[in-house]
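To keep things clear, I will list the structure first and then write my remarks on it.
Note on naming: letters A, B, ... go to the chains in the order of the sequence lines (proteins, then strands), and numbering restarts at 1 for each one. Hydrogens, waters and symmetry mates play no part in the numbers below; they use all other heavy atoms, side chains included.
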Amino acid sequence: LAKTTQPISMDSYEGQEVNITCSHNNIATNDYITWYQQFPSQGPRFIIQGYKTKVTNEVASLFIPADRKSSTLSLPRVSLSDTAVYYCLVESGGSNYKLTFGKGTLLTVNP
Amino acid sequence: GAGVSQSPSNKVTEKGKDVELRCDPISGHTALYWYRQRLGQGLEFLIYFQGNSAPDKSGLPSDRFSAERTGESVSTLTIQRTQQEDSAVYLCASSTYGESGNTIYFGEGSWLTVV
């Protein structure tokens with residue numbers, strides 16, 4: 001499994017764009033990159049997934065450079081309710097079911 | 001059901017007692033996972049099931065922990081002779097077998113407190 005490295009914490013203010021970068025130097029050809037969000041006292045929930053270049057949905061964008069050794073989750077115009085822990089997960093589809101999460105990034109959005 | 005369901009949502013037990021935690025995955029999901037999360041900590045992988053089989057049990061913390069899955073559906077995580085360090089939230093998740101990566105859907109967790 002590709003090991004991931006993320007900042008432990010980040011601070012931001014309401015209305016700002018927040019970019020959280022995850023390093024995964026040992027990513028394999030078949031690996032996908034998935035980001036999850038976890039609020040206190042809740043299970044993590046899926047945000048976005050990508051393989052290369054850029055993926056965008058109604059919540060976030062995911063930027064993946066050509067070498068795929070890192071990825072950046074971009075949250076536009078954050079609000080207080082975006083305060084949460086964000087996990088980057090790198091894994092391949094199919095039969096690779098042992099999914100190990102890193103420590104995540106605690107994003108704190110301030111008023 | 002619409003999502004992953006776990007029960008009980010909260011459990012307080014005395015040290016030394018056995019507990020069973022139940023997970024109902026999303027219907028049709030072939031993979032099922034158990035994670036443990038201590039207060040303020042990250043997700044600790046415990047075990048996963050592919051169908052009813054658990055190919056890798058190395059994440060279970062000790063032989064007091066066991067898990068089973070039946071009918072490629074419900075799973076039970078059993079902790080025998082609970083200890084205070086077992087206090088945590090136990091999260092279950094399920095996913096589909098897919099070529100484009102696994103998207104995992106988590107339940108809300110079972111909060112276990114050992115007193």
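- Between A/Phe101 and B/Tyr35, the distance from one ring center to the other falls under 6.0 angstrom.
- In this structure, chain B has a heavy atom under 4.5 Å from the side chain of A/Tyr36, while its backbone stays farther away.
- With rounding to the nearest 0.5 angstrom, the CD atom of A/Gln38 is 7.5 Å from the CZ atom of B/Phe106.
- No path of Ile, Leu, Val, Met, Phe, Trp and Tyr side chains, each step under 4.5 Å between heavy atoms, connects A/Phe39 with A/Trp35, placing them in separate hydrophobic clusters.
- Once rounded to the nearest 0.5 Å, the distance linking NZ of A/Lys103 with CG of B/Leu43 reads 10.5 Å.
- Both B/Leu91 and A/Phe46 are assigned to one and the same hydrophobic cluster, defined by single-linkage of ILVMFWY side chains at heavy-atom distances under 4.5 Å.
- Your options are B/Gln37, B/Gln6, B/Glu44, and the one with the most heavy-atom pairs under 4.5 Å with chain A is B/Gln37.
- A 4.5 Å side-chain heavy-atom check between A/Leu89 and B/Ile104 finds at least one atom pair inside the cut-off.
- Counting heavy atoms of neighbouring residues, nucleotides and ligands inside a 6.0 Å radius, atom CD of B/Glu85 exceeds 12 of them.
- A single hydrophobic cluster is not seen to contain both A/Phe63 and A/Tyr87; linkage of ILVMFWY side chains at heavy-atom distances under 4.5 Å, directly or through other members, places them apart.
- Hydrophobic clustering (side-chain heavy atoms under 4.5 Å, transitive across Ile, Leu, Val, Met, Phe, Trp, Tyr) groups A/Val78 together with A/Leu80.
- Note: A/Pro44 leads A/Ser41, A/Pro44, A/Gly43, A/Gly104 in heavy-atom pairs under 4.5 Å with chain B.
- Criterion: ILVMFWY side-chain heavy atoms under 4.5 Å apart, direct or through other members. Under it, A/Leu73 and A/Val59 are part of a common hydrophobic cluster.
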